[in-house]
Amino acid sequence: MVFGTVNNGIKGAFRIGQTVSVLGRTGVNWLRGERPPAPRLLRQTFESLGATYIKLGQFIASSPTFFPKEYVEEFQYCLDKTPNLPFGVIRKIIRDELGRPIEEVFSEIDPVALASASIAQVHAARLVSGEDVVIKVQKPGVENILLTDLNFLFLSAKILETLAPKLSWTSLSGIVEEIQRTMMEECDFIKEANNLKVFRDFLHNTHNEDAAVPLVYEHCSTRRILTMERFHGVPLTDLESIRGYARDPERTLITAMNTWFSSLTQCEFFHADVHAGNLMVLKDGRVGFIDFGIVGRIRPDTWQAVSDFISAIMVGNFDGMADAMIRIGITREHVEVSALAADLRRLYQQMDRMVPDQVPYEAEQAEDDVNNILMDMVKIGESHGLHFPREFALLLKQFLYFDRYVHILAPEMDVFMDERLNMLH
């Protein structure tokens with residue numbers, strides 16, 4: 001135990017040394033005249049620093065409640081793709097985590113990764129009992145790097161808040177603590193496995209047989225490896241392929257949306273990353289929800305305000321929207337409801353024109369639209385003195401993802417008037 005602590009301390013010191021070295025190199029390049037705009041410089045530096053800072057960049061990209069628009073926009077390009085680790089390294093991690101020969105559990109593992117991100121790498125495999133699975137394998141040393149980096153960032157944030165008291169309103173140290181909580185949860189595959197089981201129970205309890213989550217194989221899952229049923233299907237945005245699996249793509253989309261909306265009130269969390277890669281249409285026509293590393297939880301009083309917000313949107317009641325936003329946000333000053341309502345009306349008209357039906361859908365453009373509208377909505381609130389909890393931004397982002405899917409799969413559907421959609425219950 002003492003050796004482990006000393007060893008982690010040495011690794012931590014080495015990691016701080018690496019961080020200082022990268023920052024120093026960036027500073028030298030800047031002095032030599034390499035001076036890209038500040039947001040791009042910061043993103044490039046973060047990508048050089050690795051796992052923690054890439055995740056921090058993605059946090060910035062999805063948190064217009066906390067960061068300036070130009071940084072939020074730049075960090076959309078912060079890709080969480082890293083080179084594949086050699087299969088020999090992955091195989092050793094799996095063997096060490098299982099505590100027994102791999103051949104006793106898996107009849108085969110594909111040495112070519114399906115995906116590789118900063119925290120984990122995913123491989124297709126088959127159990128000795130014949131089931132097709134995927135194994136999510138945490139990369140070595142990731143957790144120690146995250147803790148070292150985040151402690152360093154927390155200390156830096158505290159120093160900055162002391163030197164510049166105005167920053168305490170945005171609570172930099174609080175942001176770092178929130179990042180630490182979400183990142184450490186992503187490192188704990190037992191928590192992700194539990195999220196999958198909780199969502200599976202939610203589907204069972206709501207008698208939902210049209211949606212599915214991967215089954216977790218607990219006998220070959222640990223804190224650092226997660227073995228799950230392999231889903232075969234296509235992304236929710238692939239209309240042509242979906243037609244081969246589902247007779248009515250519009251009905252499939254409604255299933256996905258109703259499942260997610262129901263989870264807001266009937267599950268202890270909501271899936272907080274429903275981009276196209278995490279929603280699949282399976283070969284049997286069901287909707288598959290995958291990757292439960294990022295989930296959101298919303299307090300009942302906040303949800304009531306969000307529910308009122310949606311209800312107000314449905315009937316075009318901008319005063320109601322403004323009132324709900326004020327209850328969702330945190331403010332130190334009086335907010336004029338009518339002025340906020342007027343600004344929201346202008347934004348709503350812009351959203352209505354966002355993707356004319358005659359314009360071909362472009363996935364990259366749609367992602368930009370999602371983020372731009374989200375940032376505009378938050379910016380309007382902030383211009384009236386409101387600060388929103390990050391969960392609200394996460395929630396809004398999922399709503400806007402679904403808005404994109406409607407444009408692809410059901411452009412004629414009126415989301416707020418269609419009686420098949422159950423947005424509030």
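Each residue takes its place number in the sequence, starting with 1. Since the model is a prediction, treat every value here as computed from it, not as a measurement.
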| note | Distance col, row F292:CZ vs N194:CG, nearest 0.5 angstrom, shows 12.0 Å

| message | R297: which residues meet the salt bridge (charged side-chain N to carboxylate O under 4.0 Å, His left out) condition with it, sequence neighbours left out? | response | none

| message | Is the shortest side-chain heavy-atom distance between T227 and V216 below 4.5 Å? | response | no

| Going by the salt bridge (Lys or Arg N to Asp or Glu O under 4.0 Å) test, which pairs reach into residues 275-285, not counting sequence neighbours? | D284-R286

| According to the ring pair (Phe, Tyr, Trp, His ring centres under 6.0 Å) rule, which pairs have a member within residues 86-134, sequence neighbours left out? | F87-H123

| From I109 atom CD1 to R91 atom CZ, the distance as rounded to the nearest 0.5 Å | 6.0 Å

| task | Mind checking salt bridge (charged side-chain N to carboxylate O under 4.0 Å, His left out) for E209 and listing every partner two or more places apart, or none if nothing turns up? | result | none

| query | Do K197 and E268 sit within salt-bridge range, that is, some charged N less than 4.0 Å from a carboxylate O? | reply | no

| request: Spell out, as yes or no, whether a donor-acceptor pair under 3.5 Å connects the side chain of N278 to the backbone of A272. | output: no

| query | Among all residues two or more places apart in sequence or in another chain, which pass the ring pair (Phe, Tyr, Trp, His ring centres under 6.0 Å) test with F289? | reply | F199

| query | Just wondering, do I190 and R223 contact through their side chains at under 4.5 Å, heavy atoms? | reply | yes

| said: Side chains of L155 and N151, heavy atoms from C-beta outward: is any pair under 4.5 Å? | reply: no

| query | Are side-chain heavy atoms of L85 and P140 found at a separation under 4.5 Å? | reply | yes

| task | To the nearest 0.5 Å, tell me how far T265 OG1 sits from W303 CH2. | result | 6.5 Å

| Roughly how far, to the nearest 0.5 Å, is the CD1 atom of I242 from the CD1 atom of I408? | 8.0 Å

| request: Kindly indicate whether the side chain of R327, heavy atoms from C-beta on, has any atom under 4.5 Å from the side chain of D308. | output: yes

| message | Under a 3.5 Å distance rule, please check whether Q398 uses its side chain to pair with a backbone N or O of V274 as donor and acceptor. | response | yes

| request: Using a 4.5 Å cut-off on heavy atoms from C-beta on, say whether the side chain of K139 contacts that of Q121. | output: yes

| field | Set of residues satisfying side chain to side chain donor-acceptor pair (under 3.5 Å) with respect to D132, sequence neighbours excluded | value | R126

| request: Using side chain to side chain donor-acceptor pair (under 3.5 Å) as the criterion, list what pairs up with R251, not counting sequence neighbours. | output: none

| CG on L226 to CD on E218, rounded to 0.5 Å | 10.0 Å

| query | With F399, which of Y405, F270, W260 fulfils ring-ring contact (aromatic ring centres under 6.0 Å, His included)? | reply | W260

| Of all residues at least two apart in sequence or in a different chain, which pass the side chain to side chain donor-acceptor pair (under 3.5 Å) check with T222? | E97

| Set of salt bridge (charged side-chain N to carboxylate O under 4.0 Å, His left out) partners for D201, sequence neighbours left out | none

| task | For D210 and T255, indicate whether the former's side chain and the latter's backbone hold a donor-acceptor pair under 3.5 Å. | result | no

| request: State, yes or no, whether a side-chain contact exists between L215 and R200 at a heavy-atom distance under 4.5 Å. | output: yes

| task | List in chain and number order the residues that pass side-chain contact (heavy atoms from CB on, under 4.5 Å) with L344, two or more places apart in sequence or in another chain; answer none if no residue qualifies. | result | F318, M321, A322, M325, L340, I380

| request: Go through the steps to decide whether S221 and F189 satisfy the test side chain to side chain contact (heavy atoms under 4.5 Å, CB included), and finish with yes or no. | output: CA-CA 8 Å; S221 294; F189 293 169; over 6 Å; no

| task | With sequence neighbours excluded, give me every ring pair (Phe, Tyr, Trp, His ring centres under 6.0 Å) pair touching residues 213-245. | result | none

| field | Flag side-chain contact, heavy atom, 4.5 Å: V287 against T259 | value | no

| Is there a side chain to side chain contact (heavy atoms under 4.5 Å, CB included) between D291 and K136 once you walk through the steps? | CA-CA 10 Å; D291 193 351; K136 185 175 179 178; 4.0 Å; yes

| Non-hydrogen atoms of L203 and V213 that approach each other most closely | CD1-N, 4.2 Å

| task | Check salt bridge (charged side-chain N to carboxylate O under 4.0 Å, His left out) between R100 and all other residues, then give those that pass, not counting sequence neighbours. | result | none

